[in-house]
Structures are given as C-alpha cells and as structure tokens.
Amino acid sequence: MTAPVRFPRFFVTSPAPCPYLPGRSERKVFTELKGTNTDELNDALSRIGFRRSQTVAYRPSCIDCTACVSVRVVSNEFRPSSTQKRIWKRNRDLVVNVCKPWSTPEQFELLQRYLAVRHPGGGMATMDEMDFADMVEHTPVKSHVIEYREPTLDGSPGRLVGACLTDEQGDGLSMIYSFYDPQHETRAGLGTFIILDHIQRAAQVGLSYVYLGYWVEGSERMQYKVRFRPMEKLGRDGWERFEPAEQAIAIERAVSLRRGRPGVESGVEGSLKDGIHGAQERYAHI
C-alpha cells in the first residue's frame, strides 16, 4: 500500500522593514524542509521562486510590492561579456575545492573580513562562529561549500580568498551565500568570478541553471545579478527569458548605479534575502 503524500504546511511572517527598498515593508511565506524527500521538495519549491535558509524554504509574499524577482542564468548558453572574460582570466589559476558543508575557522575569518568591508552594520555583522556553523551545516539537502584558494608551489592548501555555500538541485546549482576577500591586492572581481565558476561547473555536469536568488531593480546591492546573460526571470506565467533589449537596459541601469564609486564590487550577499543570520529564529517563533 502506497503511503499517503504529506504536503508541507505554509506560514506567513509578520510585515517587517524591507532591507532593500527604503520605506517599504516585506513579508514572506515559508515552510520547513523535513522528511524523507527534502531534496525533491526543495527542487520543486525553487522552481516557483523559493529560497533556502538552513531548514526553511521561503519566498517573498509582500502585499503591495513585487520588486523581488527570482532569476537564474542559463548555464549551457552563457556568453561572458568582455569584462567577465577579463575577470575569468585574472582568477582562473585559483584552486577550487568542493567540500562537505562543514564550517571552518578559516572560512569564518574570511566572512568577517568580507562583512566588515562590504556590509558594516548589516544584519550579519553580529554573527559569531556558532551562527556561521549553523548557516553552513544545518542543511537537509545536498549542499557543498566551494572554496577558492590561491595556488602554491608545493601543492599545499593556499590562501582562502573566496567561498560559497551551494545547493545542488535537480536542474541546477543554487548559490545560497558567497563571500570573498574584499581587499585583495591583485584579484579584483572575485565575487563575479565565483558566479562564473558556478556557471561553468553547472554546464560541465549537464545542469541547466545557476540560481542567483532575487533581483531587486532599484536596489544597488542586487544589481550585479542582471549582468549574466542569458538570464531567465520568474513571472506570473512561469520562467521567461529576459529579452536582450530589456536586459541591456537593466544592465545599463546597474552600471549607472555604480558610477562614481570606483573599485566597489557588489558581492553575492543579497542572494539570500534574509542575510541568513537570525532567519531561523524568526521563522521558528511564527
């Protein structure tokens, strides 16, 4: 006799200030990822715009705003821009290791340096090492930490300059959170390189997409996502391709937001909308 299918229960958070668009509030619908088929559930939810935070899957459910748009890069059709080609060439000597989702002091130290420069005073600034371990290790799905290290002459582990917590889904890689050395003397573009590596990695193993989370037009810190082509966005009628002209306009807007701030690169911090720290506690008390 076939066991009955148990559908997840969904809940809605109370409104809270939006971290991306001043003067607006945000609300989320969420469910817990648990049971024997969590990978399949996470895959299904990701295809309708959900993101993972530890053992919770959530998506925006704001009453009067639809600014958060789920986006994914089409990996096997990706064509880098001239700037992306230069970033790839500059950093392609990095040694990339796919690790089990276990946190390390070295990763945490890199995260602290990243947050201090890129997001001082942000929601994750108060994270301690235990919070970081919870972020990385509390996963009910197939996850990895992908590390990016500088090469050494003797083949020993080199300096850690980037890392990404990544979920492997049935149709793609979902970049949950990445961080990197924000003040490296010679490796500008590390955040972009990590995305480029994920796109190549997905294409090599036959995965169609790299999920980048939510793109929020008008939020400067989220604009880096729209620069990868071709890209699909999730609308009311499902996933649809960004029209080339539409994406070109969006890219120009993104570039204009960065003008006047040379040397500043947007990271992938916005790829998990909660900023992770404190998210699990917030959901647990709803």
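Within 6.0 Å of atom CG in D154, more than 12 heavy atoms from other residues, nucleotides or ligands are found, so the atom counts as buried in its surroundings. Sparse packing is recorded around CZ of R24, with 12 or fewer heavy atoms of other residues, nucleotides or ligands lying under 6.0 Å away.
Taking all atoms of both residues into account, the shortest heavy-atom contact from D197 to V96 is OD2-CG1, 3.9 Å. Here the shortest heavy-atom pairing between S75 and I199 reads CB-O, 3.7 Å.
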| task | Start with the C-alpha distance between V56 and T31, add both sets of side-chain angles, then the distance that settles side chain to side chain contact (heavy atoms under 4.5 Å, CB included), and finish with yes or no. | result | CA-CA 6 Å; V56 165; T31 189; over 6 Å; no
| field | Worked verdict on R51 versus S174 for side chain to side chain contact (heavy atoms under 4.5 Å, CB included) | value | CA-CA 9 Å; R51 296 285 287 166; S174 180; 2.8 Å; yes
| Verdict with supporting geometry, F78 and L196, side chain to side chain contact (heavy atoms under 4.5 Å, CB included) | CA-CA 9 Å; F78 174 70; L196 294 174; 3.5 Å; yes
| field | Chi angles and distances behind the side chain to side chain contact (heavy atoms under 4.5 Å, CB included) call for R201, V205 | value | CA-CA 7 Å; R201 192 172 296 276; V205 296; 5.7 Å; no
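Within the structure, the salt bridge (charged side-chain N to carboxylate O under 4.0 Å, His left out) test picks out the following pairs touching residues 89-105 (sequence neighbours left out): D93-R187.
Ring geometry for Y114 versus F179: interplanar angle of 30 to 60°, hence tilted. Note: Y148 and H198 have tilted aromatic rings, judged against thresholds of 30 and 60 degrees for the angle between ring planes.
The main-chain N or O of D128 is found under 3.5 Å from a side-chain atom of D131 such that the two form a donor-acceptor pair.
A salt bridge between E246 and K233 is present, with a side-chain N of the basic residue lying under 4.0 Å from a carboxylate O of the acidic one. Comment: K28 engages E26 in a salt bridge, judged by a side-chain N to carboxylate O separation of less than 4.0 angstrom.
In summary, the side chains of Q223 and W215 do present a donor paired with an acceptor at a separation below 3.5 Å, with no hydrogens or angles considered. No side-chain donor from either of T139 and Q54 sits under 3.5 Å from a side-chain acceptor of the other. Side-chain contact of S208 with D171: a donor-acceptor pair under 3.5 Å is absent, judged by distance alone.
Among residues two or more places apart in sequence or in another chain, the ring-ring contact (aromatic ring centres under 6.0 Å, His included) test is passed with F108 by F132. Residues forming a salt bridge (Lys or Arg N to Asp or Glu O under 4.0 Å) with E106 (at least two apart in sequence, or on another chain): R149. The side-chain contact (heavy atoms from CB on, under 4.5 Å) search around R229 returns Q247, A248, I251, not counting sequence neighbours. With sequence neighbours excluded, the residues that form a salt bridge (Lys or Arg N to Asp or Glu O under 4.0 Å) with K142 are E168.
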Show me the side-chain donor-acceptor pairs of residues 63-74 shorter than 3.5 Å, one per line, residues at least two apart or across chains.
residue	atom	partner	partner atom	Å
R72	NE	E232	OE1	2.9
R72	NH1	Y211	OH	2.9
R72	NH2	Y209	OH	3.3
R72	NH2	E232	OE1	2.9

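Inter-residue side-chain proximity for Q107 and L160 is flagged as met; some heavy-atom pair is nearer than 4.5 Å.
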